[in-house]
Amino acid sequence: MNTKPLLHRTTGFLLLLFCLQIVMILTTGQRIKGEESIPKYNVLFVAIDDLNDWVGCLGGNPQVKTPNLDRFAREGGIVFTQAYCPSTVCCPSRSALLTGKHATHTGVYGNGQNLKHASKAKDLETLPEYFGNRGYHTLSAGKIFHKHGDPAGMDEGQWAFHEHVHPGGGNKGFSWEEEPKIDGIKAGGTKFAWGATKAATEETKDFMACKWAADQLDRDFDGKPFFLALGLSKPHLPWYVPQEFFDLYPLDQVVPAPFRRDDLDDIVRDNSRPIFGPGDRFRLADGTKMHAQANRAYLANVSYADHCIGVTLDALDQSDYADNTIVMIWGDHGWHLSEKLQYGKTNLWEESARVPFLVRVPGSVHKDIQCNGVVNLIDIYPTLLELCGLPPNNKNDGRSFAALLADPAKEWTYPTLTTYQYKNHSITDGRYRYTWYGGRAEGAEELYDHTDDPLEYTNLASNPEYENVLVRLRTHLPSHHEPDSPSNPYNELKKSNTKGNSSDL
Ligand SMILES: [Ca+2]
Ligand SMILES: [Ca+2]
């Protein structure tokens with residue numbers, strides 16, 4: 001009997017077993033090590049509709065009273081002073097954040113375009129789905145995705161969550177209402193009006209949504225981590241909130257935001273014709289001398305939103321989840337209160353592009369920190385994946401800023417993109433804002449230096465001294481421009497499908 005082959009086989013088998021053992025030890029060890037180093041944090045994800053930088057801890061308006069957000073910042077939140085939106089109106093901003101892709105890649109540029117009808121967006125795994133498909137329980141209330149009319153009922157992005165609820169609430173009419181009116185001027189979009197609700201604070205929509213979120217923090221989720229998304233509808237127009245929030249701001253003490261009447265004269269086409277004029281809402285507030293009233297109404301609405309979110313933040317701090325939950329609070333784009341002669345969004349100036357963004361990460365040693373890193377809401381998706389130990393999504397356009405959260409003083413000046421409609425873009429690196437109107441005004445440009453011009457009064461684009469800055473920032477314009485995705489054919493169904501307070505449309 002020849003024993004040599006048997007010996008070889010036995011040696012080979014033992015060798016194989018040995019190798020398998022080594023592999024098992026290594027992989028098991030890595031898995032245990034990985035689980036220890038990256039806990040499965042919960043996520044509280046809060047969207048505040050149309051909130052600009054008028055938040056106490058952000059300093060956009062010294063008159064504003066936001067005690068709850070300020071306390072959140074003081075007690076562990078990082079306040080981003082240079083956070084920007086991917087687009088300056090609800091749907092494209094939220095669609096980009098939630099799909100992780102810029103409008104230039106999806107074709108979702110406007111409020112009338114549902115990402116579910118866009119060929120380049122409809123099959124993307126959205127942020128809540130990514131968590132929901134990887135062991136998280138996902139739930140939401142209020143506006144996270146933009147809402148679209150649909151024959152099957154309102155599409156609110158409920159398909160992206162395990163649970164999507166309507167906590168109820170409404171205004172019950174108004175005890176007083178004010179609306180600037182001038183014959184011949186009609187502002188489009190949502191009604192430009194404000195007043196006091198007859199409903200008590202506890203009966204209003206945002207309060208009930210925030211209370212619902214607070215109540216969820218008393219639940220368990222079958223041992224799973226949670227991704228809890230909460231959308232507040234104020235300070236979106238119309239500005240109806242309970243009287244107690246108007247009472248915070250006596251009208252005779254309100255100092256309206258500053259503006260220059262000639263501010264738009266230096267934003268011109270090749271033939272020197274100005275591109276922009278005063279907006280309709282500005283003309284209404286200006287012509288009726290109601291700037292103070294309008295500013296006060298926005299301030300009141302911000303304080304209302306702050307009061308409501310305070311209910312959720314207090315509940316979190318008193319819950320079992322206080323120490324293992326990431327909190328991200330963001331506004332979907334900015335809002336002009338008369339700056340650049342506008343009331344509203346949909347522009348590419350700082351007041352439209354900059355957003356409030358507050359973050360708290362468990363175990364962070366940072367408190368009451370302002371971070372000047374330049375980030376974009378589109379960076380949230382990859383950042384949350386990294387913080388929660390989920391695999392990266394290689395379809396994401398954004399850049400994780402987890403390293404910046406660990407070291408908020410780190411230099412972080414990657415130029416970032418804000419788009420409004422097809423081929424109009426603004427790039428900021430934290431010092432300069434460069435804007436190109438490729439789709440709107442024959443390639444007109446703007447350049448502002450925030451070192452000494454934070455309100456962007458002086459357009460430097462035609463100043464030869466800044467040619468090298470222009471050349472540098474132009475290289476960050478997108479190279480691909482996906483054509484407009486189809487308009488949602490069911491937009492008309494939106495209003496008829498909406499129950500209760502439809503102010504957040
Ligand atoms: Ca919005
Ligand atoms: Ca100007």
Side-chain angles (χ1 to χ4, degrees), residues 46-54 83-98 103 108-113 142-148 156-157 189-190 206 230-239 258-269 272-278 282 298 301-302 305 329-357 377 418 420 426 433-435 437 441 444-450 452-463 466 502-505:
V46 182
I48 307 183
D49 205 358
D50 288 19
L51 178 65
N52 66 9
D53 64 354
W54 290 17
Y84 295 92
C85 54
S87 185
T88 55
V89 72
C90 306
C91 178
S93 178
R94 290 166 185 253
S95 297
L97 189 169
L98 293 161
V108 180
Y109 293 98
N111 276 353
Q113 295 164 319
K143 179 174 162 183
I144 299 299
F145 287 80
H146 192 67
K147 298 179 186 179
H148 299 274
E156 304 175 15
T190 316
D206 284 346
L230 169 65
L232 280 77
S233 64
K234 296 299 172 199
H236 195 295
L237 279 172
W239 294 323
F259 61 86
R260 284 193 187 168
R261 291 190 183 273
D262 64 353
D263 197 0
L264 302 172
D265 296 355
D266 58 354
I267 311 169
V268 293
R269 298 168 204 265
S272 301
R273 257 189 312 134
I275 296 165
F276 299 98
F282 177 87
Y298 189 82
N301 277 249
V302 172
I329 303 172
W330 50 278
D332 55 352
H333 46 72
W335 227 84
H336 290 249
L337 273 292
S338 78
E339 304 93 342
K340 287 270 183 299
L341 316 189
Q342 316 293 327
Y343 278 84
K345 43 207 177 186
T346 73
N347 290 292
L348 290 173
W349 299 303
E350 184 81 354
E351 302 302 324
S352 272
R354 184 161 167 253
V355 295
F357 186 41
L377 297 180
T418 301
Y420 181 63
S426 197
R433 167 169 301 288
Y434 165 70
T435 302
Y437 298 100
E445 295 178 303
E446 290 172 78
L447 181 71
Y448 300 101
D449 184 350
H450 278 250
D452 52 10
D453 187 16
L455 292 172
E456 301 183 336
Y457 286 137
T458 306
N459 182 7
L460 302 166
S462 59
N463 183 334
Y466 291 85
S502 61
S503 66
D504 59 340
L505 288 177

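Atoms within each ligand, like the ligands themselves, are counted from 1 in listed order. In what follows, every heavy atom counts, from backbone to side chain, and hydrogens, waters and symmetry copies are set aside.
- Taking 3.0 Å as the threshold, Asp262 does not count as a candidate ligand of the Ca ion (ligand 2), since none of its N, O or S atoms lies below it.
- Side-chain N/O atoms of Trp239 and Asn301 include no donor and acceptor closer than 3.5 Å.
- The closest approach of Asp50 to the Ca ion (ligand 1), by N/O/S atoms, is made by OD1.
- Taking the Ca ion (ligand 1) as reference, Asp49 places its N/O/S atom OD1 nearest.
- Among heteroatoms of the N, O or S kind in Asp332, OD2 lies nearest the Ca ion (ligand 1).
- Side-chain atoms of Glu446 do not come within 3.5 Å of backbone N or O of Val268 as any donor-acceptor pair.
- Using modelled atom types and a 3.5 Å distance limit, the side chains of Ser352 and His336 yield a donor-acceptor pair.
- Metal site remark for the Ca ion (ligand 1): His333 contributes an N, O or S atom at a distance under 3.0 Å.
- When each of Lys234, Arg94, Lys345, Lys147 is checked for a salt bridge (Lys or Arg N to Asp or Glu O under 4.0 Å) with Asp49, only Arg94 meets the rule.
- For the pair Arg433 and Glu350, the salt-bridge criterion is met [side-chain N within less than 4.0 Å of a carboxylate O].
- Taking the Ca ion (ligand 2) as the corner point, the angle from Tyr457 atom O to Asp266 atom OD2 is about 80° (rounded to 10 degrees).
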